[in-house]
Amino acid sequence: MPKDTLSVIDNRTGKQYELPIESGTIRAVDLRQIKLGDGDQGLETYDPGFLNTAACRSAISFIDGDKGILRYRGYPIEQLAERSTFLETAYLLLNGELPSAAELDSWVFNITHHTIVHESIKKFIDGFHHDAHPMGMFVSTVAALSTFYPEAKHIQDETSRRNQIFRLIAKTPTLAAFAHRHSVGLPYAYPDNDLSYTGNFLNMMFKTTEVKYTPNKTLERALDVLLILHADHEQNCSTSAMRGVGSSHADPYSAMAAAAAALYGPLHGGANEEVLRTLREIGSKDRIPAYIDRVKRGEFRLFGFGHRIYKNYDPRATIIKRIAEEVFEVTGKNPLIDIAVELERIALQDDYFVSRKLYPNVDFYSGIIYEAMKFPIDMFPVLFAIGRTPGWLAQWQEMLLDKDQKIARPRQIYTGPDKRDYVAIENRG
Ligand code: ACO
């Protein structure tokens, strides 16, 4: 008997089947041959939330959740956070290799020269209510970009794809900063091409009356590293949305708006916002045990804890804790860090969290840094979206070039009524 197969006996019929095993998986469609008879469509798998279903092959990021390992294109996240820049990491994710010096120069030049958005975008943003959530404005304006670049729908055209990738990576900080300026009633600050990607974002966020904004080097680097940490994370909820919408061959702006919308949820990228609210609500260390008791009673979840894949410390959370110290040297300590550290200490000694392998995830400490850097809380998911943009685009491109991929269209187990006849309204009970 060949080794790489799975023998399955259908006890309903007594028939045996041999299913090939490849890369530790069986193909779900191979189960279709397992039928009761001619009218039967064959066996399917039931996997709500895709707990155990690989939807693609991917060469972009690798996670070993038990060991707490994350790599982009093979490079450990710790090394990229230490030595790379966000734009270099974006190039790596999209192209598979680190760039040469000339490739990096050209890449950075192209991103830098696509940062300006059409003036009409400002009119969309102006139309939002003053207290509109910036993530809502971000999702909408990313989608709106597709109307400015109708050629983006030529998704099979490599040149067009490359141009939209430049635009999306370049313009997301501009859209994010404009959304913020609208919220706080400040005039929009235009991109400054003399600055780095992250330095320019800080400029567009925080510039007031100075002629030239000069970002603080420590904060600029800290933010750049935070963007690196968020750049990709295999088939998470928002990336699956990007691939799912992209699989219908929608343009990348529309697909990325869907991905950003998925990120907005508090179980995903919106968790960083919730963590800050939690820490503020707890307010002091002595109130932590009572808060943990409420989590254990199932009243609510502890945001920033737990992960579908990591059943060990999230390696990004370790790096973020280190960055927090560097940032606090410039900004002064955010007092919430003491509550967060104590909350983590108490949780990680508690059987509820230990037995469920619930550790701090990337969102647990990121918000404390963002707050120290003066980002408003509702900007936190938007910052996540800027960081995740190259990952979404790399996954979208990989999906389009993958001959195995088709339009995403899961099956269902129908649980509704059997066929019945229409009842006239006067005869309904
Ligand atoms: N607080 C309290 N209990 C939790 C938490 C939490 N944060 N997370 C999971 N649990 C418990 C669940 O209640 C469940 O317990 P049970 O077995 O007694 O029913 C068990 O742990 C398993 O939880 P699931 O919901 O099955 O885990 P899943 O893999 O589906 O969810 C998720 C992962 C969504 C991240 C979850 O841990 C969570 O809601 N965390 C809080 C939100 C958060 O921080 N999200 C950010 C994730 S990282 C990111 O997206 C960037």
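Computation of the quantities below employed the complete heavy-atom set of this structure, encompassing side-chain atoms and omitting hydrogens, waters and symmetry-equivalent molecules. Note that ligands are numbered from 1 as they come in the structure, with each ligand's atoms numbered from 1 the same way.
- Residues Phe206 and Phe375 bring their aromatic ring centres within 6.0 Å.
- Scored by the side chain to side chain donor-acceptor pair (under 3.5 Å) test, Thr208 finds Glu210 as partners (sequence neighbours excluded).
- The line from CD of Glu82 to CD1 of Ile319 is 9.0 Å long, rounded to the nearest 0.5 Å.
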Between ligand 1 and the protein, find all N/O pairs closer than 3.5 Å and give the distance for each.
residue  : atom   : partner : partner atom : Å
ligand 1 : 1 (N)  : Leu302  : N            : 3.0
ligand 1 : 3 (N)  : Tyr352  : OH           : 2.8
ligand 1 : 7 (N)  : Leu302  : O            : 2.7
ligand 1 : 7 (N)  : Phe305  : O            : 2.9
ligand 1 : 13 (O) : Arg301  : NH2          : 3.4
ligand 1 : 15 (O) : Arg356  : NE           : 3.1
ligand 1 : 18 (O) : Arg356  : NE           : 3.2
ligand 1 : 18 (O) : Arg356  : NH2          : 2.9
ligand 1 : 25 (O) : Arg301  : NH1          : 3.1
ligand 1 : 25 (O) : Arg301  : NH2          : 2.9
ligand 1 : 29 (O) : Arg308  : NE           : 2.8
ligand 1 : 30 (O) : Arg308  : NH2          : 2.9
ligand 1 : 39 (O) : Arg301  : NH1          : 2.8
ligand 1 : 40 (N) : Phe305  : O            : 2.9
ligand 1 : 44 (O) : Gly304  : N            : 2.8
ligand 1 : 44 (O) : Asn361  : ND2          : 3.0
ligand 1 : 45 (N) : Leu267  : O            : 2.9
ligand 1 : 50 (O) : His268  : ND1          : 2.8

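- Residue pairs meeting the salt bridge (charged side-chain N to carboxylate O under 4.0 Å, His left out) criterion with at least one partner in residues 367-396, sequence neighbours excluded, are Arg280-Glu371.
- Note on residues 281-295: pairs passing salt bridge (charged side-chain N to carboxylate O under 4.0 Å, His left out), not counting sequence neighbours, are Arg294-Glu299.
- Using a cut-off of 4.0 Å between Lys/Arg side-chain N and Asp/Glu carboxylate O, Glu158 and Arg161 are scored as not salt-bridged.
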